[in-house]
Amino acid sequence: MTQAEPTLPAPMPPSVVDFASVFAAHLKQADREAELRPANKERLFDALSTAGITHVTVTFDGEGDSGQIESISAWAGDAAAEFPAVEIPYAAITWDNPVVEMRQLSLADVVEQLAYDLLADTHGGWENNDGAYGEFCFDASARCIHLEFNERFTSSELFTHDF
């Protein structure tokens with residue numbers, strides 16, 4: 001019998017990443033973002049109402065590890081409307097900086113940012129694999145945001161037969 005050289009690499013050393021602290025930091029970040037959302041929505045709804053915009057629709061679509069907002073449309077009742085050329089303050093934080101940043105964004109940009117944030121919060125990964133599509137309605141009159149979310153998935157069924 002002859003001795004053979006090993007063909008497999010040595011096992012990897014155990015991970016030194018403290019996953020508990022990573023998950024805790026992620027939850028803390030999510031909580032901080034959620035704290036900023038009510039004031040951002042309030043400023044947006046105030047500005048939409050002042051502009052006479054009753055609601056805004058946002059369509060999105062994603063699959064295969066990419067996704068995007070397809071359209072953002074403003075409405076005054078049943079008539080299409082234009083976003084006014086105004087900017088409003090939007091409170092934001094980044095992962096690596098604990099300081100709240102006040103950014104001046106257009107109304108359409110605030111709508112887009114909130115839509116992406118809400119998708120990430122409620123349906124993280126919506127753009128992966130078969131993906132998802134849907135529509136938001138930002139109702140300025142009711143001061144609420146409604147989401148219709150359609151998830152795509154591949155399915156298989158097993159049929160067995162004994163003959």
Side-chain angles (χ1 to χ4, degrees), residues 1-45 47-48 56-73 83 87-139 143-163:
M1 177 190 272
T2 58
Q3 195 88 13
E5 290 293 319
T7 58
L8 297 175
M12 291 176 50
S15 175
V16 294
V17 175
D18 179 3
F19 286 105
S21 66
V22 171
F23 292 137
H26 177 75
L27 287 175
K28 183 177 178 184
Q29 179 77 4
D31 289 345
R32 291 184 68 228
E33 290 170 353
E35 289 172 6
L36 299 176
R37 191 162 298 128
N40 282 333
K41 285 173 45 180
E42 188 77 18
R43 286 187 292 273
L44 174 63
F45 287 137
L48 292 174
V56 176
T57 56
V58 178
T59 60
F60 62 91
D61 194 6
E63 67 176 310
D65 299 337
S66 72
Q68 60 281 330
I69 300 291
E70 297 286 325
S71 68
I72 300 175
S73 304
F83 285 104
E87 292 183 339
I88 61 171
Y90 182 83
I93 55 174
T94 57
W95 183 259
D96 58 347
N97 187 350
V99 176
V100 174
E101 244 182 67
M102 290 306 288
R103 302 173 182 168
Q104 289 296 119
L105 299 177
S106 70
L107 295 183
D109 287 343
V110 171
V111 168
E112 180 177 14
Q113 186 63 57
L114 281 171
Y116 277 125
D117 289 348
L118 292 169
L119 277 173
D121 287 353
T122 59
H123 298 284
W126 63 273
E127 71 283 9
N128 293 329
N129 302 320
D130 293 342
Y133 64 96
E135 181 176 277
F136 283 95
C137 179
F138 287 68
D139 186 336
R143 300 181 83 79
C144 71
I145 302 170
H146 176 76
L147 168 61
E148 290 184 359
F149 183 86
N150 302 278
E151 185 172 14
R152 298 183 192 99
F153 59 91
T154 301
S155 175
S156 64
E157 294 184 41
L158 172 64
F159 295 96
T160 62
H161 300 278
D162 291 325
F163 299 102

*Asks:* Do Gln113 and Asn40 make a side-chain contact, defined as non-hydrogen atoms from C-beta onward lying under 4.5 Å apart?
*Replies:*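 The answer is no; the side chains never approach within 4.5 Å.
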*Asks:* Output the distance between atom CG (Leu48) and atom CZ (Arg43), rounded to the nearest 0.5 Å.
*Replies:*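 If we round to the nearest 0.5 Å, Leu48:CG and Arg43:CZ are 13.0 Å apart.
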*Asks:* For Ser71 and Thr59, work out which heavy atoms get closest and say how close.
*Replies:*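 Heavy-atom minimum between the residues: OG-OG1, 2.7 Å.
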*Asks:* Just do the side-chain contact (heavy atoms from CB on, under 4.5 Å) check on Arg32 and Gln29 with the steps written out, would you?
*Replies:* CA-CA 5 Å; Arg32 291 184 68 228; Gln29 179 77 4; 4.1 Å; yes
*Asks:* Give a yes or no on this: more than 12 heavy atoms of other residues, nucleotides or ligands lie within 6.0 Å of atom OH of Tyr116.
*Replies:*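 It does: Tyr116 OH has more than 12 such atoms within range.
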*Asks:* So Asp130 and Glu63, do their side chains get closer than 4.5 Å, heavy atoms only?
*Replies:*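 No, every pair of side-chain atoms sits at 4.5 Å or beyond.
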*Asks:* Between Glu42 and Arg143 (salt bridge meaning N to carboxylate O under 4.0 Å), is one present in this structure?
*Replies:*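 Yes, Glu42 and Arg143 are salt-bridged.
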*Asks:* With Phe149, which residues qualify under ring pair (Phe, Tyr, Trp, His ring centres under 6.0 Å), at least two apart?
*Replies:*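 Partners of Phe149 by the ring pair (Phe, Tyr, Trp, His ring centres under 6.0 Å) criterion, ordered by chain and then number, come out as His123.
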*Asks:* Measure the CD-CD distance between Glu135 and Glu70 for me, rounded to the nearest 0.5 Å.
*Replies:*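 Answer for the CD-CD pair, Glu135 versus Glu70, is 12.0 Å.
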*Asks:* Check for me whether the distance between the ring centres of Phe163 and His161 falls short of 6.0 Å.
*Replies:*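 Ring centres of His161 and Phe163 closer than 6.0 Å.
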*Asks:* Minimum heavy-atom separation for Arg152 and Tyr133, please, with both atom names.
*Replies:*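 In terms of heavy atoms, the two residues are closest at NH2-CD2, 3.4 Å.
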*Asks:* On the 0 to 90° scale, with breaks at 30° and 60°, tag the Phe138-Phe136 ring pair as parallel, tilted or perpendicular.
*Replies:*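 Phe138 vs Phe136 ring planes: tilted.
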*Asks:* Shortest non-hydrogen contact from Gly67 to Glu127?
*Replies:*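 Scanning both residues, the minimum pair turns out to be N-CB, 3.6 Å.
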*Asks:* Could you give the distance from CG (Asn150) to CH2 (Trp126), rounded to the nearest 0.5 Å?
*Replies:*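 So the CG of Asn150 and the CH2 of Trp126 are separated by 12.5 Å.
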*Asks:* Going by heavy atoms in the side chains, are Asp117 and Glu33 under 4.5 Å from each other?
*Replies:*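 Not in contact.
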*Asks:* Using a strict threshold of under 4.0 Å (side-chain N to carboxylate O), is an ion pair present between Asp109 and Arg103?
*Replies:*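 No salt bridge links Arg103 with Asp109.
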*Asks:* Looking at side-chain heavy atoms only, is the closest gap between His146 and Asp139 below 4.5 Å?
*Replies:*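 They are not in side-chain contact.
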*Asks:* Looking only at heavy atoms, what is the nearest atom pair of Ala115 and Ile69, with distance?
*Replies:*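 Distance-wise, the nearest heavy atoms are CB-CD1, 4.0 Å.
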*Asks:* Any chance you could measure Tyr90, atom OH, to Leu44, atom CG, to the nearest 0.5 Å?
*Replies:*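 Interatomic distance, Tyr90 OH to Leu44 CG, rounded to 0.5 Å: 9.5 Å.
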*Asks:* For a quick test of reading the model, state the closest non-hydrogen atom pair linking Ile88 to Ala47 and the distance between them.
*Replies:*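 Shortest heavy-atom contact: CG2-CB, 3.8 Å.
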*Asks:* Should Leu118 and Leu147 count as side-chain neighbours, where that means a heavy-atom distance under 4.5 Å?
*Replies:*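 Counting from C-beta outward, Leu118 and Leu147 never come under 4.5 Å.
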*Asks:* Determine the minimum heavy-atom distance between Val100 and Ala91, stating which atoms define it.
*Replies:*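 Scanning both residues completely, I find the closest heavy atoms to be CG1-CB, 3.9 Å.
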